[in-house]
Participant: 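Right, I'll just put the structure down here and ask away after.
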Amino acid sequence: MDAWQDDDALADQYADASNLAARQVLHARFSTAERSTHEWLFDQFDLPADAVVLSLGSGHGALWTANADRIPAGWDVTVTDTSAGMVMDAMEALEDVDREFDFDAVDARDIPYPDDTFDAVTAHFVLSHLTDADREQALSEIRRVLKPDGTLYAATTGTDDLGAVYDAAAEYGDRPADGGFALENGEAQLRGRFASVERREFEHALRITKPEPVVAYLLSLPGFDGDAAFALEDAFRERIGDDAFEVERSVGLFVASE
């Protein structure tokens, strides 16, 4: 098991939204895409007007805040995270949205809802955090709570995502281990539970023009130490030069159903 997948390490990383927010700022500020990742993910939904949706590992609810005015009035959405602190952050972020959400602290390995409850489950950037055994348990639970014709939407990254950033920072810290659930291997894992699995990719890149946000991103990860902040800033300032540091992204979504 990679140290990043340890329950205590994950609890520390995601006790609240601060680390997650630092990572999302980098993407929001420098993405070359015309729409955000959260908007693209919402575009992929194909659900009835009265869908019942379980959102696992929702963090501070960015998928739902980014698309607040697009959520059909008939949807019943339960926003969850394994961290109670993160759930509180999601509640605060969504309190001004003109619709109701349900909130709950939920471990994807032990989902506390009856069989055949949901039309859709989202597990965006969640499954890669689990060990192989825990991921199998989570997928079993997701399949159980989905209706027979329900759909899993599971976003993840490729193993080379942000490779140029980690290469530039290699002297100062460790990049995340290759994901146990990534674009390269996720389909095979899902086919153990779902008859239909489609992989969709979100093509975009980062054009980084300031070093501070990328340094904040790296320091939000457990593999980097704050003592390296100034050295990292110098390294990325050099990469940016007089223009920008271009970084390829590898992000996508699996849509899985019976």
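Not measured: the values here are computed from a predicted model.
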Participant: State which residue, out of F118, F101, F42, fulfils the ring pair (Phe, Tyr, Trp, His ring centres under 6.0 Å) condition with W75.
Facilitator: F42

Participant: Using modelled atom types and a 3.5 Å cut-off, is there a donor and acceptor pairing between side-chain atoms of R239 and backbone atoms of D234?
Facilitator: no

Participant: In terms of hydrophobic clustering (I, L, V, M, F, W, Y; side-chain heavy atoms under 4.5 Å; direct or indirect links), are V255 and V121 co-clustered?
Facilitator: no

Participant: Could I get the full list of side chain to side chain donor-acceptor pair (under 3.5 Å) partners for R191, not counting sequence neighbours?
Facilitator: E187

Participant: Side-chain heavy atoms under 4.5 angstrom apart, residues restricted to Ile, Leu, Val, Met, Phe, Trp, Tyr: same cluster for L47 and I142?
Facilitator: no

Participant: Examine distances only and state if a side-chain atom of Q137 and a backbone atom of A108 form a donor-acceptor pair shorter than 3.5 Å.
Facilitator: no

Participant: Nearest heavy-atom pair of D119 and A51: which atoms, and what distance?
Facilitator: OD2-CA, 3.4 Å

Participant: Counting distance only, does the side-chain N/O of T131 pair as donor-acceptor with the main-chain N or O of D134 below 3.5 Å?
Facilitator: yes

Participant: Here's a test for you: under ring pair (Phe, Tyr, Trp, His ring centres under 6.0 Å), which of F194, F125, F181 qualifies with F254?
Facilitator: F181

Participant: Should R193 and E136 be marked as a side-chain contact (heavy atoms from CB on, under 4.5 Å) after you check the CA-CA gap, both sets of side-chain angles, and the distance that decides it?
Facilitator: CA-CA 9 Å; R193 302 283 180 183; E136 278 296 310; 3.4 Å; yes

Participant: Cluster question for you: counting only ILVMFWY and a side-chain heavy-atom cut-off of under 4.5 Å, with indirect links fine, are M91 and M86 together?
Facilitator: no

Participant: Enter the distance from F103:CZ to M88:CE here, rounded to the nearest 0.5 Å.
Facilitator: 10.0 Å

Participant: Treating Ile, Leu, Val, Met, Phe, Trp and Tyr as nodes and any side-chain heavy-atom pair under 4.5 angstrom as an edge, say whether V197 and L253 lie in one connected cluster.
Facilitator: no

Participant: Does NZ belonging to K210 count more than 12 external heavy atoms closer than 6.0 Å?
Facilitator: no

Participant: Are H38 and Q24 close enough that some pair of their side-chain heavy atoms sits under 4.5 Å apart?
Facilitator: yes

Participant: Taking all heavy atoms of D116 and all of K147, pick out the closest pair and write down the distance.
Facilitator: O-CG, 3.5 Å

Participant: Check whether any side-chain heavy atom of P114 sits under 4.5 Å from a side-chain heavy atom of V145, and report yes or no.
Facilitator: no

Participant: How long is the gap from NE2 on H204 to NE2 on H27, to the nearest 0.5 Å?
Facilitator: 7.0 Å

Participant: State the CG-CG distance between L218 and D174, to the nearest 0.5 angstrom.
Facilitator: 11.5 Å

Participant: Between Y153 and V53, is the side-chain contact (heavy atoms from CB on, under 4.5 Å) condition met? List the steps.
Facilitator: CA-CA 11 Å; Y153 296 87; V53 181; over 6 Å; no

Participant: In this structure, are over 12 heavy atoms from other groups packed under 6.0 Å from D98 atom CG?
Facilitator: no

Participant: Dump the intermediate steps for side-chain contact (heavy atoms from CB on, under 4.5 Å) on D43 and F45, then the final yes or no.
Facilitator: CA-CA 6 Å; D43 290 342; F45 281 130; over 6 Å; no

Participant: Go through Y172 and Y166 one step at a time and tell me if the ring pair (Phe, Tyr, Trp, His ring centres under 6.0 Å) criterion holds.
Facilitator: CA-CA 9 Å; Y172 309 103; Y166 295 119; over 10 Å; no

Participant: Hey, quick one: are L56 and L146 part of the same hydrophobic cluster, counting side-chain heavy atoms closer than 4.5 Å, chains of contacts allowed?
Facilitator: yes

Participant: Look up atom CG in L232 and atom CD in E171, then write down how far apart they are to the nearest 0.5 Å.
Facilitator: 9.0 Å

Participant: If you define the side chain from C-beta out and look only at heavy atoms, does anything of T80 sit under 4.5 Å from V87?
Facilitator: no

Participant: Looking at D46, I want to see if its CG is surrounded by more than 12 non-hydrogen atoms of other residues, nucleotides or ligands under 6.0 Å.
Facilitator: no

Participant: How many angstroms lie between OG1 in T117 and CG in L54, if you round to the nearest 0.5 Å?
Facilitator: 9.0 Å

Participant: Atom CG of L206 and atom OG1 of T209: how far apart are they, to the nearest 0.5 Å?
Facilitator: 11.0 Å

Participant: If we check side chain to side chain contact (heavy atoms under 4.5 Å, CB included) with F30, which of these qualifies: V214, I208, V247?
Facilitator: I208

Participant: Measure from the side-chain N and O atoms of T122 to the backbone N and O of H124, and report whether any donor-acceptor pair falls under 3.5 Å.
Facilitator: no

Participant: Could you tell me whether the side chain of L183 reaches within less than 4.5 Å of the side chain of S250, counting heavy atoms only?
Facilitator: yes

Participant: Just do the side-chain contact (heavy atoms from CB on, under 4.5 Å) check on D81 and V106 with the steps written out, would you?
Facilitator: CA-CA 6 Å; D81 197 274; V106 171; over 6 Å; no

Participant: Side chains of V77 and V52: does their closest heavy-atom pair fall under 4.5 Å?
Facilitator: no

Participant: Is the number of heavy atoms from other residues, nucleotides or ligands within 6.0 Å of CD (E100) greater than 12?
Facilitator: no

Participant: Looking just at side-chain N and O atoms, do H129 and R135 make a donor-acceptor pair shorter than 3.5 Å?
Facilitator: no

Participant: Might you point out which heavy atoms bring A90 and G59 nearest each other, and give the distance in Å?
Facilitator: CB-O, 3.6 Å

Participant: Would you name the heavy atoms of R35 and F202 that are closest together and state the gap between them?
Facilitator: O-CZ, 3.5 Å

Participant: State, yes or no, whether a side-chain contact exists between S196 and E258 at a heavy-atom distance under 4.5 Å.
Facilitator: no

Participant: Do the side chain of S31 and the main chain of A28 share a donor and acceptor less than 3.5 angstrom apart?
Facilitator: no

Participant: Give the minimum heavy-atom separation between T156 and S128, together with the two atoms involved.
Facilitator: OG1-CB, 4.3 Å

Participant: Using 4.0 Å as the upper bound for N to carboxylate O, is an ion pair formed by E141 and R143?
Facilitator: no

Participant: Is the CD atom of E246 crowded by more than 12 outside heavy atoms at less than 6.0 Å?
Facilitator: yes

Participant: Find out whether R207 and D243 are in side-chain contact, i.e. whether some heavy atom of one side chain is under 4.5 Å from a heavy atom of the other.
Facilitator: yes

Participant: Under 4.5 Å between any side-chain heavy atoms of D161 and V251, yes or no?
Facilitator: yes

Participant: For the side chain to side chain contact (heavy atoms under 4.5 Å, CB included) test, which of V79, T37, L41 pairs with L63?
Facilitator: L41

Participant: Show the nearest heavy-atom pair for residues G150 and S257, with the distance to one decimal.
Facilitator: O-CB, 3.6 Å

